[in-house]
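By convention here, the first residue in the shown sequence is residue 1. In listed order, ligands and their atoms are each counted from 1. Values in this document were obtained by computation on a predicted structure and should not be read as measured data.
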Amino acid sequence: MSFYSVKDYQTLLQNGKTTCVDAVSFYIHNIKRNKHLNAFLEVYEHEALQRARQLDEKRASGETTGKLHGVITGIKDVICYKDHTVSAGSLILEKFTSIYNATVVEKLLKEDAIIIGRQNCDEFAMGSSNENSAYGAVLNSLDNTKVPGGSSGGSAVSVQADLCMISLGSDTGGSVRQPADFCGIVGLKPSYGRVSRYGLIAYASSFDQIGIFAKNIPDAALVLEAIGGKDEFDSTAVDDIFLYKKEALNHKAYRIGYFPATFNHPSLDPEIAEKQKNFLNKLQDNGIEIIPIDFDLLDYVVPAYYILTTAEASSNLSRYDGIKYGTSQHEKEIEEQINLTRSNYFGKEVKRRIMLGTFVLSEGYYDAYVSQAQKVRNILLNKVNAVFKETDAIISPVSPTTAFTFGEKSNDPTEMFLADIYTVFANLVGIPGVSVPLFRHSNGMPFGLQLMASHLNELALLALAEKISVINERL
Ligand code: GLN
């Protein structure tokens, strides 16, 4: 009983061919069979079944159903769900229970979704491989020796391995798009401000955005319709309603820009580069105009990203001191208590980033690092505004390689950071990006392409993503 899409599933529900209870039972069964993947930190079996029963009754009574009626959804362990544990993949929050719902959770519930569990991730969403979770790595279900990507690895693998229909993750520098690419599914990072961050545990607040994992573009679009919009609890959430009315764009002549530097970068696997470049030619043959655009800032994006995000993280994570938040270590002296709490319960990568962030913010270094990185961010913003005057979207690789082997990069943080080269750009400038699964490498692993559009233009982004998926299927 695998469901191809949310729409198909909801039609089956309406026609009485299946029930929410059946669907939940199917996914619970799959989760149990795939425990070794370590995708879920907690499964709400009893609650999910109870909610499924209520939703089945609601439908039977003829009451109007929500957009996500019966949709079995997983949430990354950085999204607050009232009366449920949320640990950010960290020991420091191991016993922390949320006392309120994130806005996205409120919206999921309002639209009749069923939340099935809390998904494993890199600690405080810092990482690209899920090897930084305090609760063990998540395995890629296509090849258990390979990473699922990160930081939302549990959320990606859950959709990949049919452990739920949809997952919500978070994307600060690629954490939805890159694991989606490594798992062969769709990963959408909305525009900064499209989705409220209220109740999302912060990593770097001016970059963070809640994103969506799905098996296809229309499912991702439907979830975005449900979770987007303004919010009185998050002043950065934009007052703009997203509706996936793609018919409006049926006859549009698309222009896609690309930076040749991205496809020619030495870090890009040659087979990936070749398949992607060939595909750009195919798009051209199918009436989409492909325009090369000069871009000489590629080598600055990763450093700018890691300076600014670690600076923000060092401030955001100061609240985990064992007093305001975090597991307490009872010592006589308060300073010692804070030191021990933070030393004992934060993992290595989180400590590295707090130290890096504190360093770049310190007097004497601020101008050399943070100010420079802010300048890069501004230059990129100007560049991107100019590019979108000429084009509807930018296309690029998602990651330089397919899913790599456990341990391959974990001893070299710089190498791990550099692999974020294609995804951090969208977060630096706040634009939406989606990874579209398209190809298979000769090593057996999937990969695709990333599309990015101008701020709040998810409509063109997703319509175009759907179009290129269809073109690829026809090839
Ligand atoms: N891999 C990036 C990092 O480690 C992205 C993380 C994210 O998007 N949360 O910072």
Side-chain angles (χ1 to χ4, degrees), residues 75-79 88-90 119-133 137-138 147-156 167-182 187-192 195 197 200-213 267 301-314 316-317 346-357 360 373 397-401 403-404 408-410 412-435 450 452:
I75 54 175
K76 182 178 179 181
D77 186 30
V78 286
I79 296 174
S90 180
Q119 294 159 328
N120 200 354
C121 60
D122 281 308
E123 186 175 7
F124 285 97
M126 296 173 181
S128 309
S129 64
N130 236 282
E131 289 162 294
N132 300 334
S133 167
V138 177
V147 303
S151 63
S152 319
S155 308
S167 301
L168 293 190
S170 66
D171 188 313
T172 304
S175 281
V176 168
R177 289 158 291 154
Q178 183 256 25
D181 194 54
F182 282 10
L188 169 66
K189 179 201 93 73
S191 305
Y192 186 76
V195 178
R197 289 177 293 112
L200 167 69
I201 292 183
Y203 161 14
S205 311
S206 78
F207 293 75
D208 296 341
Q209 189 58 201
I210 289 173
I212 301 160
F213 292 96
S267 67
V301 296
V302 169
Y305 168 82
Y306 276 96
I307 289 168
L308 296 173
T309 53
T310 55
E312 291 188 26
S314 74
N316 273 328
L317 272 60
F346 274 143
K348 196 165 143 206
E349 183 63 24
V350 171
K351 285 182 196 160
R352 181 184 354 257
R353 295 196 191 195
I354 292 174
M355 286 192 274
L356 195 58
V360 296
V398 185
S399 179
T401 63
F404 44 89
E408 200 178 313
K409 294 189 204 259
S410 46
D412 185 347
T414 321
E415 206 194 326
M416 190 77 94
F417 292 175
L418 286 172
D420 295 336
I421 182 165
Y422 300 120
T423 47
V424 297
F425 179 81
N427 306 75
L428 277 159
V429 297
I431 60 174
V434 61
S435 46
Q450 172 179 217
M452 292 170 273

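Only one option out of D420, D171, D208, T309 pairs with N427 in a side-chain hydrogen bond (donor to acceptor under 3.5 Å, both in side chains); it is D171.
Other residues, nucleotides and ligands contribute more than 12 heavy atoms inside 6.0 Å of the NZ atom of K351.
Between D171 and ligand 1, no pair of N/O atoms sits closer than 3.5 Å. Backbone and side-chain nitrogen or oxygen atoms of K76 are examined, and none is located within less than 3.5 angstrom of a nitrogen or oxygen of ligand 1.
For ligand 1 and A125, the ligand atoms under 4.0 Å from any heavy atom of the residue are 6 (C), 7 (C), 9 (N). Applying the 4.0 Å criterion to heavy atoms of D420 picks out, from ligand 1, the atoms 1 (N), 2 (C), 3 (C). Heavy-atom contacts of G173 reach the following atoms of ligand 1: 5 (C), 7 (C), 8 (O) (cutoff under 4.0 Å). Of all atoms in ligand 1, numbered sequentially from 1 with element shown, those under 4.0 Å from a heavy atom of S151 are 9 (N). The G127 neighbourhood of ligand 1 comprises atoms 1 (N), 2 (C), 3 (C), 4 (O), 6 (C), with distances under 4.0 Å to a heavy atom of that residue. The ligand atoms of ligand 1 that sit less than 4.0 angstrom from a heavy atom of Y305 are 2 (C), 3 (C), 5 (C), 6 (C), 10 (O). Ligand 1 places these atoms under 4.0 Å from at least one heavy atom of S128: 1 (N).
The minimum heavy-atom distance between Y422 and S267, with the atom names listed, is OH-OG, 4.3 Å.
With a heavy-atom cut-off of 4.0 Å, F417 does not touch ligand 1 at all. Looking at R353 against ligand 1, only its side chain comes within 4.0 Å, counting heavy atoms.
Between F404 and F182, the ring planes are perpendicular. Angles over 60° get that label, and only those under 30° would be called parallel.
Side chain to side chain, S155 and K76 fail the donor-acceptor criterion of an N or O pair below 3.5 Å. One side chain, N120 or S133, offers a donor N or O that lies under 3.5 Å from an acceptor on the other. For the 3.5 Å distance criterion, the side chains of Q178 and S128 fail to qualify, holding no donor opposite an acceptor. In summary, the side chains of N132 and S151 do not present any donor paired with an acceptor at a separation below 3.5 Å, with no hydrogens or angles considered.
If you check which protein heavy atom lies closest to atom 6 (C) of ligand 1, you get S175 OG, 2.8 Å.
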